[in-house]
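What follows is a short report on a single structure.
No hydrogens, no waters, no symmetry mates; every other heavy atom, side chains included, goes into these values. Sequence lines set the chain letters: A, B, ... in the order given, protein chains first and strands last, and positions in each chain run from 1.
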There are 2 protein chains.
Amino acid sequence: MTTPDLEKPADGFPLSRKRGRGRPRAFDVDEAVDRALELFWRQGYAATTVADLTAAIGINPPSLYKAFGSKQELFERAVRRYAELNGRVLEVALACPDVESVVRRFLTGVIESATEADCPAGCLTIQGGTACREGEHEVTDLLTALRRAVQDALEHRFEQLKAEGGLRADQSASALARYVATVGQGLAVQAGGGATREELMTVVEFSVRTVA
Amino acid sequence: MTTPDLEKPADGFPLSRKRGRGRPRAFDVDEAVDRALELFWRQGYAATTVADLTAAIGINPPSLYKAFGSKQELFERAVRRYAELNGRVLEVALACPDVESVVRRFLTGVIESATEADCPAGCLTIQGGTACREGEHEVTDLLTALRRAVQDALEHRFEQLKAEGGLRADQSASALARYVATVGQGLAVQAGGGATREELMTVVEFSVRTVA
DNA sequence: CGGTTTGTATACCGATCGCTACATAATCGA
DNA sequence: TCGATTATGTAGCGATCGGTATACAAACCG
């Protein structure tokens with residue numbers, strides 16, 4: 001799973017919009033990634049075909065391959081975009097001042113993201129990537145790493161709060177982070193199955209009660 | 001998603017092993033379903049090809065289609081087999097005498113099933129079925145219904161215990177069932193990502209604490 | 001035994017898969 | 001305006017997809 005840094009700013013252009021020498025691209029790359037994200041999110045990696053992608057973006061295959069390299073690299077772009085969007089939600093939760101509010105805000109954010117009306121229900125990192133034939137672990141591994149990164153961020157924050165006295169010294173920050181991440185993943189599965197925000201918010205209350 | 005009752009006992013044979021008139025089948029159907037189950041479990045529906053299935057079972061395509069009808073019907077058979085296996089685990093949990101032990105036994109059973117050494121990690125109903133093109137909801141719906149059935153069974157048991165006084169009258173059996181099911185699904189996601197039994201058992205303790 | 005029934009193996013179907021060769025169009029620096 | 005460069009549209013590549021036509025093999029019944 002190489003990451004050849006497509007579309008990077010190409011250091012050297014002070015503030016100008018980079019415009020290469022050749023024919024200009026006829027579609028917006030970021031918008032294309034968003035369309036791809038929606039498809040991968042809704043259908044998963046294996047069930048989403050290049051024909052689906054080109055149709056959704058409104059381009060022909062050569063344009064897709066020029067811009068992204070392959071279906072798998074486009075998937076990685078979409079996943080990175082997804083991580084960027086959800087990263088903001090995570091940051092808001094991590095900024096909360098105590099364990100209970102971090103947990104409540106995180107789980108609430110997961111529910112909101114997984115039940116957003118104009119997005120597929122559920123979580124891309126859970127339902128997007130089982131698809132791997134024997135020996136093709138790249139897709140699965142990427143999504144697993146992303147889930148792990150969220151859990152690690154929670155753990156780091158709980159360690160901070162523990163040092164500040166906001167978490168009892170005999171409590172394990174890593175175990176707590178795993179618990180919260182587990183509930184979050186379960187909530188995403190529930191949302192993928194059609195559960196509503198109201199139903200899922202009752203789960204948050206159970207979880208917060210554990211923590212408090 | 002029709003269920004044409006393939007391989008039913010064909011009432012009329014008192015106690016004899018049914019042996020039709022034609023050439024006998026050269027492979028064991030139940031064993032074939034188990035092989036298919038493992039593949040669908042590990043790779044998901046969309047990423048598993050008929051060639052994968054015939055190779056794993058050790059037969060040629062016509063035999064698969066004679067016995068099962070289609071890839072999708074074989075998937076349904078595999079899912080039913082999966083439900084049968086996990087149904088036993090669920091029954092053990094439901095037989096426990098109080099809320100806390102039901103929850104503990106259920107979540108422990110989920111962990112054991114999702115981390116069994118000689119099976120794919122995780123849960124078929126979560127990672128097996130995202131695969132559906134626009135308009136092909138059969139696969140996803142089947143798995144969603146299966147998860148829902150587990151949650152409903154928990155809810156029914158909690159209602160029973162509530163009537164017996166084992167659950168406070170102001171507690172919602174459905175909300176509790178949703179919480180427990182959510183944690184179970186989260187545990188399955190964690191297992192699919194490589195978490196160990198020991199790590200996941202700490203999550204059970206958090207959850208049980210909430211309930212008690 | 002012959003006739004019927006059922007499963008197997010070979011070989012292959014049209015459709016679609018991910019991907020690309022090629023010629024053309026549109027922009028650049030000079 | 002002229003190459004050089006980059007993207008686009010058309011058309012199609014070999015491989016594989018889910019599924020099957022056909023002929024043969026192995027059991028039954030009479």
Side-chain angles (χ1 to χ4, degrees), chain A residues 1 6-8 10 12-13 16-29 31-32 36 39-40 43-78 131-136 138-139, chain B residues 1 6-8 10 12-13 16-29 31-32 36 39-40 43-78 131-136 138-139:
Chain A
M1 206 119 185
L6 298 165
E7 294 299 317
K8 72 174 173 185
F13 293 79
S16 73
R17 197 84 197 93
K18 80 165 186 300
R19 270 284 283 278
R21 279 205 291 284
R23 175 175 176 171
R25 186 168 282 136
F27 66 98
D28 185 280
V29 172
E31 198 172 318
L39 275 175
F40 285 130
Q43 303 185 342
Y45 177 78
T48 301
T49 70
V50 173
D52 289 337
L53 294 163
T54 55
I57 299 171
I59 60 177
N60 297 109
S63 296
L64 187 149
Y65 283 88
K66 268 286 179 191
F68 302 107
S70 68
K71 175 187 170 183
Q72 186 169 303
E73 286 171 290
L74 175 53
F75 179 75
E76 296 171 33
R77 281 284 291 257
C132 69
R133 313 286 308 277
E134 201 66 23
E136 311 175 0
E138 299 92 350
V139 168
Chain B
M1 204 116 185
L6 297 166
E7 294 299 317
K8 71 174 170 185
F13 291 79
S16 72
R17 199 84 197 91
K18 79 164 188 301
R19 272 281 286 281
R21 278 206 290 284
R23 175 174 176 172
R25 189 168 280 135
F27 64 98
D28 187 281
V29 171
E31 199 173 316
L39 274 175
F40 285 130
Q43 302 185 341
Y45 178 78
T48 301
T49 70
V50 173
D52 289 337
L53 295 164
T54 55
I57 298 173
I59 58 177
N60 297 108
S63 296
L64 188 150
Y65 283 89
K66 265 288 180 192
F68 302 107
S70 69
K71 175 186 171 184
Q72 186 170 304
E73 285 170 290
L74 174 53
F75 179 75
E76 296 170 33
R77 280 284 291 258
C132 69
R133 314 284 309 276
E134 200 68 22
E136 311 176 359
E138 298 93 351
V139 168

Got a list of protein N/O to nucleotides 18-20 of chain D N/O distances below 3.5 Å?
residue, atom, partner, partner atom, Å
D:dG18, OP1, B:K71, NZ, 3.0
D:dG18, OP2, B:V50, N, 2.8
D:dG19, OP2, B:Y65, OH, 2.9
D:dG19, OP2, B:K71, N, 3.1
D:dG19, O5', B:Y65, OH, 3.4

Record whether the side chain of A:R23 comes under 3.5 Å of the base of C:dA25 through a donor-acceptor pair of N or O atoms. yes
What residue pairs, at least two apart or across chains, pass salt bridge (Lys or Arg N to Asp or Glu O under 4.0 Å) with a residue in residues 56-65 of chain A? none
Could you check whether A:K71 makes a cation-pi contact with A:Y45, meaning its NZ or CZ is under 6.0 Å from the centre of the six-membered ring and within 45° of the ring axis? yes
For residues 43-56 of chain A, pull every pair meeting salt bridge (Lys or Arg N to Asp or Glu O under 4.0 Å), keeping only residues two or more places apart or in separate chains. A:D52-B:R133
Taking C:dG7, C:dG29, D:dA27 as options, the one with an atom nearest any side-chain atom of B:P24 is D:dA27
For residues 54-63 of chain B, run the donor-acceptor check on the side chains, cut-off 3.5 Å, and write out each pair with its distance to 0.1 Å, sequence neighbours left out.
residue, atom, partner, partner atom, Å
B:T54, OG1, B:V50, O, 3.1
B:T54, OG1, B:A51, O, 3.1

Atom-pair distance (CG on B:N60; P on C:dA9), nearest Å: 5 Å
Which residue pairs pass the salt bridge (Lys or Arg N to Asp or Glu O under 4.0 Å) test with at least one member in residues 53-62 of chain A, sequence neighbours excluded? none
How many whole angstroms separate atom CG of A:L53 from atom C1' of C:dC17? 13 Å
Nearest-angstrom distance from the residue atom CD1 of B:I59 to P of C:dT10: 14 Å
Out of curiosity, A:R77 CZ to A:E73 CD, how far, rounded to the nearest 0.5 Å? 10.0 Å
Can you tell me how far C1' of C:dA26 sits from CZ of A:F27, to the nearest Å? 15 Å
Atom CZ of B:R25 and atom P of C:dT6: how far apart are they, to the nearest Å? 11 Å
